[in-house]
Amino acid sequence: MIQAHPNNSQLTIIVPVFNVEQYLEECLDSIQASCFTDYQALLIDDGSIDSSGKICDEFAAQDSRFHAYHLTNRGVSAARNYGLSQSNSPYIMFIDSDDLIEPDFLQETIIKGEEDFSFSGYKDYYSGNTLRIEATENRYYSIQEFREKVKTLGRAAIPFCVWRGCYRSKIIKENNICFDEQCGLGEDILFNLDYFECCKKIRETVNSGYLYRQVHTSLRHKYYPEMTEKHEREVHALEQFACQDNMRWRYYGWHVVLQHYSKWADDKDGQVASDAKKRLKKAYKSKYFRESIPYIRKEGSTDEKIETHFMNYYSHWFFEMLLKGYQSVSS
């Protein structure tokens, strides 16, 4: 392990790295090109077996603000936690090693005043289209106002990933906030919700200078057996934060789970397909999501109401056939 000794700086940027040699230099170049320069970038190589570790060392040798750490592979949560343990800056930001930032992203997103957390929108790397930003001007929320926003909008109200926000190091350390290393999926939103519980004020910026690159390792391109458990944890955490049992969130989460397993139920890998089919049937029986049925039968759209009456068949293709028929008749 290369032990670096970071200099004091206003901002620590934590970059977890694992087998991203084709994207890493572009990511680190974008950090170097930032208008804001008072930072240290901690490159946490999580046991890469390609040239990613070498690239980290090269940047650390060329730029004193960059520091390379080499760990045995334990996952992104462990890498981020290690970065947190090495930070000595008042503010912390995370950047994924296959993404990029525009020159003004750090400057606009870093905490500037009394807020305990600030967050930006982001853009699709390939098209440049803005994917998530609602503010037309910088907006400040008390934590109670933010809870109310979450009650209304659910997951859409909050940054679900840590890579577009700025955190106070003091809050993280004093409250022992960390990433759950046993949680292989959805760890970002759990970290954020733990952090928000300790906030008094939050700032939403108009900036959308984070460029998100969807690659083969992203959620839509990989099979996750634990998708049901992931969404149950996520919805439960949202309900705890908003102090509200929200059956709409539960129903939405159930649909995301079904879509994921359905996609992989026809995979060429027979073992994956078999597992996905078993988990798809199990997802239909999930008590956590089925508790939302009475609400949807009363408040849902017509197609949602139809769907709830056929859930006991535990067959996703059956509902899809009904839904297509309904859509063709109503169009």
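Donor-acceptor pairing under 3.5 Å is lacking for the side chains of Asp50 and Gln22. With hydrogens and angles left out, the side-chain atoms of Glu291 and Tyr251 include no donor and acceptor closer than 3.5 Å. The closest side-chain donor-acceptor pair between Glu204 and Tyr141 falls under 3.5 angstrom. Looking at Arg164 and Ser120, their side chains never bring a donor and an acceptor atom within 3.5 Å of each other. In summary, the side chains of Gln62 and Glu58 do not present any donor paired with an acceptor at a separation below 3.5 Å, with no hydrogens or angles considered. In the model, Glu108 has no side-chain atom that pairs as donor or acceptor with a side-chain atom of Thr205 under 3.5 Å. Asp57 and His70 are linked by a side-chain donor-acceptor pair at a separation below 3.5 angstrom, with hydrogens and angles left out of the test.
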- Task: Begin with the C-alpha distance, continue with both residues' side-chain angles, and end with the deciding distance and a verdict on side-chain hydrogen bond (donor to acceptor under 3.5 Å, both in side chains) for Tyr224 and Glu229.
- Result: CA-CA 10 Å; Tyr224 289 95; Glu229 293 78 8; over 6 Å; no
- Task: Start with the C-alpha distance between Tyr210 and Asp99, add both sets of side-chain angles, then the distance that settles side-chain hydrogen bond (donor to acceptor under 3.5 Å, both in side chains), and finish with yes or no.
- Result: CA-CA 8 Å; Tyr210 191 97; Asp99 296 335; 2.7 Å; yes
- Task: Kindly determine whether Tyr69 and Leu42 satisfy side chain to side chain contact (heavy atoms under 4.5 Å, CB included), including the steps that lead there.
- Result: CA-CA 7 Å; Tyr69 299 85; Leu42 308 187; 4.0 Å; yes
- Task: Determine, stepwise, if the pair Ile172 / Tyr195 fulfils side chain to side chain contact (heavy atoms under 4.5 Å, CB included).
- Result: CA-CA 7 Å; Ile172 291 174; Tyr195 184 86; 3.7 Å; yes
- From CA spacing to verdict: side chain to side chain contact (heavy atoms under 4.5 Å, CB included), Glu181, Arg74: CA-CA 8 Å; Glu181 297 181 15; Arg74 292 172 52 206; 2.5 Å; yes
- Item | Steps toward side-chain hydrogen bond (donor to acceptor under 3.5 Å, both in side chains) verdict (Ser89, Gln10) | CA-CA 5 Å; Ser89 305; Gln10 189 77 351; over 6 Å; no
- Go through the steps to decide whether Tyr223 and Asp275 satisfy the test side-chain hydrogen bond (donor to acceptor under 3.5 Å, both in side chains), and finish with yes or no. CA-CA 10 Å; Tyr223 175 58; Asp275 186 73; 2.5 Å; yes
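A cation-pi arrangement, defined by a distance under 6.0 Å to the six-membered ring centre and an angle within 45 degrees of its axis, is present between Arg80 and Phe179. By the 6.0 Å and 45° rule, Arg147 stacks over the aromatic ring of Phe241.
Between Tyr284 and Trp254, the ring-plane angle classifies as perpendicular under the 30° and 60° cut-offs. Using cut-offs of 30° and 60° on the angle between ring planes, the pair Phe119 and Phe117 is parallel.
Remark: side-chain polar atoms of Glu21 are paired, donor with acceptor, to backbone N or O of Ser51 under 3.5 angstrom. The main-chain N or O of Val256 is never found under 3.5 Å from a side-chain atom of Gln259 such that the two would form a donor-acceptor pair. For Tyr39 (side chain) and Ile31 (main-chain N/O), a donor-acceptor pair under 3.5 Å exists by modelled atom type. Judged purely by atom type and a 3.5 angstrom limit, Tyr288 uses its side chain to pair as donor or acceptor with the backbone of His236. A distance-only check finds no donor-acceptor pair linking the side chain of Asp124 to the backbone of Leu211 [under 3.5 Å]. In this structure a side-chain-to-backbone donor-acceptor pair under 3.5 Å is present from Tyr261 to Pro225. Under the 3.5 Å distance criterion, the side-chain polar atoms of His260 are left unmatched by any main-chain donor or acceptor of Met227. When atom types are taken as modelled, the side chain of Arg65 and the backbone of Gln40 share no donor-acceptor pair closer than 3.5 angstrom. Looking only at distances, a side-chain donor or acceptor of Asp46 sits under 3.5 Å from a matching main-chain atom of Gly75. Remark: side-chain polar atoms of Asp63 are not paired, donor with acceptor, to backbone N or O of Phe59 under 3.5 angstrom.
None of Arg168, Lys200, Arg139, Arg203 except one satisfies the salt bridge (Lys or Arg N to Asp or Glu O under 4.0 Å) rule with Glu115; the exception is Arg203. Under the side-chain contact (heavy atoms from CB on, under 4.5 Å) rule, Ser48 has a single partner from Val17, Leu71, Asn73, which is Val17.
Under the 4.5 Å side-chain heavy-atom criterion for Ile, Leu, Val, Met, Phe, Trp and Tyr, Val76 and Ile189 are members of distinct hydrophobic clusters. Taken together through direct or relayed side-chain contacts under 4.5 Å among Ile, Leu, Val, Met, Phe, Trp and Tyr, Leu24 and Phe18 form parts of separate hydrophobic clusters. Linking Ile, Leu, Val, Met, Phe, Trp and Tyr residues whenever their side-chain heavy atoms come within less than 4.5 Å places Leu43 and Leu84 in a single cluster.
Salt-bridge check for Glu304 with Arg248: passed, with a basic side-chain N closer than 4.0 Å to an acidic carboxylate O. In this structure, Glu234 pairs ionically with Lys230, as a charged nitrogen and a carboxylate oxygen lie closer than 4.0 Å. Between Lys201 and Asp116 no salt bridge is recorded (no basic side-chain N to carboxylate O distance below 4.0 Å).
Atom CG of Asp96 is separated from atom CD1 of Ile14 by 11.5 Å, given to the nearest 0.5 angstrom. Between the CG atom in Leu238 and the CG atom in Leu153 there is a gap of 11.5 Å [rounded to 0.5 Å]. Note that NE2 of His67 and CD of Gln86 are 10.5 Å apart. Values are rounded to the nearest 0.5 Å. Interatomic distance, CD1 of Ile92 versus CD1 of Ile110, reported as 11.0 Å (0.5 Å rounding). Here the straight-line distance linking atom CG of Asn246 with atom CZ of Arg250 works out to 9.0 Å at 0.5 Å rounding. The CD atom of Gln32 lies 12.0 Å from the OG1 atom of Thr37; values are rounded to the nearest 0.5 Å.
Nearest approach of Asp180 to Glu187, heavy atoms of both residues: O-CB, 4.5 Å. A pairwise comparison of heavy atoms in Leu280 and Leu258 identifies CD1-CD2, 3.5 Å as the closest pair. Here the closest heavy-atom approach between residue Ala265 and residue Ala273 is recorded as O-CB, 3.4 Å. What you find for Pro16 and Ile95 is that their closest heavy atoms are CD-O, 3.6 Å. Closest heavy-atom contact between Ala242 and Trp249: CB-CH2, 3.8 Å. Nearest heavy-atom pair, Pro103 versus Ala33, reported as atom, atom and distance to 0.1 Å: CB-O, 3.7 Å.
A ring-centre distance under 6.0 Å is found for Tyr167 and Phe191.
Two residues are said to be in side-chain contact when any heavy atoms from C-beta on lie closer than 4.5 Å; Ile101 and Ser34 meet this criterion. Inter-residue side-chain proximity for Met93 and Thr109 is flagged as met; some heavy-atom pair is nearer than 4.5 Å. Contact annotation: the side chain of Lys287 never approaches that of Glu232 to less than 4.5 Å [non-hydrogen atoms, C-beta and beyond].
Atom CZ of Phe36 has more than 12 heavy atoms from other residues, nucleotides or ligands within 6.0 Å. Annotation for Lys112: atom NZ counts as buried by contact number, over 12 foreign heavy atoms lying within 6.0 Å. Surrounding NZ of Lys282 are at most 12 heavy atoms belonging to other residues, nucleotides or ligands under 6.0 Å away.
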